[in-house]
K.L.:
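Okay, here's the structure, questions in a sec.
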Amino acid sequence: MLEITNLHATVDGKAILKGIDLTIQPGEMHAIMGPNGSGKSTLAYILSGRDGYEVTEGEVRYEGRDLLVMAPEERAAEGLFLAFQYPVEIPGVPNTTFLKEALNAGRKHRGEGPLDAMQFLKLIRQKTQELGMTDEMLKRAVNVGFSGGEKKRNEILQMAVLEPKLAVLDETDSGLDIDALKTVADGVNALRGPDRSMLVITHYQRLLNYIVPDKVHVLAQGRIARTGGPELAEELEAKGYAEFTTAAA
Amino acid sequence: MLNGNSGATDFEAVFTDRRASLPGADLAWLSELRESGINQFRRHGLPTPRTEAWKYTNLRPLQKVAFAPSHEVSAPTVVGLDRVPSLLPSGEHVRRLVLTEGRFNPELSSIGDLPPGVSLEPLAQAIRRDPGGLQSYLGRIAHPVGQPMLALNTALMEDGVVLRVGRGAVLSEPVEVLHLGGLSDHAVAYHPRLLVLLEADSRAVLVEHFVGLSEQAYFANAATEIRVAEGARLDHIKVQAEGTAATHLASCHVWLDRQATFIGFSLSLGAQLSRNEVHVRLEGEGARCRVNGAYLMRGKQHCDNTTLIEHLKPETSCREVFKGVLDDQSRGVFQGRIMVHRGADKTDGHQLSKALLLSDRAEIDAKPELEIYADDVKCSHGATAGDIDEQALFYLRARGIPEARARSLLIQAFLDEALDEVGIPALHEALLSRVAAWLGTG
């Protein structure tokens with residue numbers, strides 16, 4: 001599904017990623033953990049195609065294709081989804097309009113006809129209920145006036161509607177209280193399936209109590225410093241990242 | 001001052017030639033009014049950027065072309081009855097008065113039955129039929145002193161529209177005045193004049209729609225004067241979609257009595273060079289107005305929105321929102337002046353100008369001005385200019401929405417704050433579809 005080989009990247013000339021190797025098979029859930037500033041979000045943004053990141057070496061293949069040459073909208077239409085750490089507020093664009101545009105853009109890309117208003121409404125109602133969201137949140141402008149938890153829920157709603165093949169969740173747990181965390185985790189777990197891969201980026205282990213990954217990677221100073229099973233997350237929770245930050249320094 | 005320029009129109013000579021054949025030439029008061037108009041025009045000449053009020057808008061294009069006076073145009077040969085552009089939803093009771101190059105065109109117009117107390121007729125006809133009824137208003141609300149283009153309109157006005165709504169009468173369906181231009185194969189100038197009188201407690205919705213049907217250069221110099229009496233309300237929606245080589249200068253002069261309401265909105269899309277001027281006098285206690293607008297420009301288009309809101313009595317209020325989208329090398333101008341006169345205490349005046357620049361070479365000049373001579377006044381103004389929000393654009397693209405579509409969504413969202421002020425659903429829809437057509441998403 002995703003194959004990252006020797007990925008090096010810079011931001012404003014400063015090296016952030018220094019040789020990442022990571023392979024995710026269909027249906028697998030991987031977690032990337034690491035201290036602040038280790039390059040976790042940079043990796044997420046590079047995967048989604050955001051400007052401002054320069055890949056200086058290495059490659060990323062998504063379903064066998066060169067991901068890095070694709071425009072952000074093409075990546076999304078091909079089934080890549082990034083749940084933003086800081087979802088963007090878009091005044092004046094209603095959440096429903098946004099969801100409908102996004103869903104139908106993907107359908108068009110796949111050669112499917114657009115959903116009509118009734119079909120769309122039915123789909124969206126079902127998904128919002130599953131995530132404990134209100135109709136009112138659909139009518140409001142995208143993320144405008146949403147609490148931190150509502151914004152994260154809105155990300156998961158978008159994921160549920162778009163049904164991506166590979167979801168990258170960038171610190172989706174940050175800023176969530178325990179109830180919101182459970183709701184978000186339930187939403188993520190509901191989407192797990194044999195054809196859907198996930199990459200969960202987090203600083204803390206607590207999300208991984210609810211979403212159990214197949215593999216855990218520690219990202220430190222721009223490299224994968226260690227890879228293990230779910231037990232690695234617990235170890236990190238107990239010991240912290242000191243071992244990785246000092247070892248590489 | 002135009003005589004020195006061989007390419008320019010000598011409007012004074014045009015006036016001398018035509019004065020005897022203009023409507024109402026036999027009426028002393030109207031002849032005097034026209035005379036005072038041409039004198040004002042002679043005194044100031046065509047405005048130049050040396051005049052503060054025209055600092056950002058240069059009328060040079062007008063000085064390069066000799067505009068002939070317009071003559072009667074047989075419009076059905078140019079535009080079929082079924083192809084008349086309209087902002088109104090089609091239906092049986094469409095009230096539309098069409099002016100082709102400034103003159104009433106009966107074949108294209110459908111005035112229909114009017115409720116009791118309401119009259120709608122071409123200006124030239126009104127001057128013949130009931131000149132006395134016009135004398136107290138024409139040129140009194142839109143007083144041409146110090147305003148050369150209004151003065152020129154006053155001197156040369158040949159036709160237009162008179163809408164009168166009697167005490168308590170309600171004209172719930174909109175009336176559309178369609179100004180069709182670009183019909184001649186040579187450059188023409190015309191000076192349409194509208195007079196709108198709403199008596200106490202009446203209501204009406206007026207749509208002024210300027211459409212150019214060709215790329216021929218022409219000059220539309222329009223003026224509208226409006227009086228809204230005590231407790232009455234006028235909604236005025238203007239759409240300027242003149243031809244690409246046209247010059248459009250229009251001023252709208254509004255007088256509001258006690259508790260009267262004026263809700264104005266203008267959408268500017270067309271013309272090479274345009275100026276939309278709105279001047280509101282809040283003459284009665286508790287009068288209120290909204291003066292909103294949007295403009296979408298590209299290429300080398302120039303669009304000027306100039307407003308003057310004068311609070312003359314206590315507890316008057318006005319809210320103004322102008323939003324502009326400027327692409328390529330287009331240029332926008334917003335000059336908004338709020339004057340709170342002595343004694344106009346407890347007034348409330350708010351003004352906002354926002355421009356979205358889609359290109360590095362687009363330009364906006366915004367000049368908000370507040371002049372306050374009263375106490376206990378709430379006034380504010382703000383002006384911003386910026387690019388598309390790159391973060392929002394990326395967010396939309398990251399959800400699969402192609403870049404061009406994502407940009408359109410953001411532009412539309414930006415304009416909504418102004419467009420949402422149009423409270424009449426059918427007209428709101430019509431404006432949205434114009435915007436969508438401009439964006440290429442319609």
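Scope of the values below: all heavy atoms of this structure, side chains included, with no hydrogens, waters or symmetry mates. In what follows, chains carry the letters A, B, and so on, assigned in the order in which the sequence lines appear, proteins first and then strands, with residues in each chain numbered from 1. All of these numbers come straight from a predicted model, not from anything done at the bench.
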K.L.:
Around atom OH of A/Y86, are there more than 12 heavy atoms from other residues, nucleotides or ligands closer than 6.0 Å?
P.N.:
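At most 12 heavy atoms, drawn from other residues, nucleotides or ligands, come within 6.0 Å of this atom.
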K.L.:
For the residue pair B/S266 and B/N276, confirm or rule out a side-chain donor-acceptor distance under 3.5 Å.
P.N.:
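Present: a donor and an acceptor within the cut-off.
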K.L.:
Side chain from CB out, backbone as N, CA, C, O: work out which of these in A/Q158 comes under 4.5 Å of a heavy atom of chain B, or both, or neither.
P.N.:
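Side chain of A/Q158 only, per the 4.5 Å heavy-atom cut-off to chain B.
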K.L.:
In terms of heavy-atom pairs under 4.5 Å, which option from A/K108, A/R75, A/E155 contacts chain B the most?
P.N.:
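The candidate making the most pairs under 4.5 Å is A/E155.
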K.L.:
Is B/D304 salt-bridged to B/R275, cutoff N-O under 4.0 Å?
P.N.:
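The answer is yes: the pair qualifies as a salt bridge.
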K.L.:
If you count heavy-atom pairs under 4.5 Å between each of A/L82, A/V142, A/D51 and chain B, which one has the most?
P.N.:
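So the answer, after comparing A/L82, A/V142, A/D51, is A/L82.
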K.L.:
Considering only heavy atoms, which portion of A/P94 lies under 4.5 Å from any heavy atom of chain B: side chain, backbone, both, or neither?
P.N.:
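For A/P94, there is no contact with chain B at all, as no heavy atom is under 4.5 Å.
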K.L.:
In terms of the angle between their ring planes, are B/Y395 and A/F98 parallel, tilted or perpendicular, with boundaries placed at 30° and 60°?
P.N.:
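Parallel.
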K.L.:
Most heavy-atom pairs under 4.5 angstrom with chain A, which of B/L410, B/L409, B/D420?
P.N.:
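Most pairs with chain A among the choices: B/L409.
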K.L.:
If I measure from the heavy atoms of chain B, does A/N143 come under 4.5 Å with its side chain, its backbone, both, or neither?
P.N.:
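Contact with chain B involves the side chain of A/N143 alone.
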K.L.:
Where on B/E403 is there a heavy atom nearer than 4.5 Å to chain A: the side chain, the backbone, both, or neither?
P.N.:
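B/E403 touches chain A through backbone and side-chain heavy atoms alike.
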K.L.:
What do the steps show when you test B/I309 against B/C289 for side-chain contact (heavy atoms from CB on, under 4.5 Å), and what is the final call?
P.N.:
CA-CA 9 Å; B/I309 313 295; B/C289 71; 4.3 Å; yes
K.L.:
Which heavy atom of B/E242 sits nearest to which heavy atom of B/Q240, and what is that distance?
P.N.:
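It is N-OE1, 3.0 Å.
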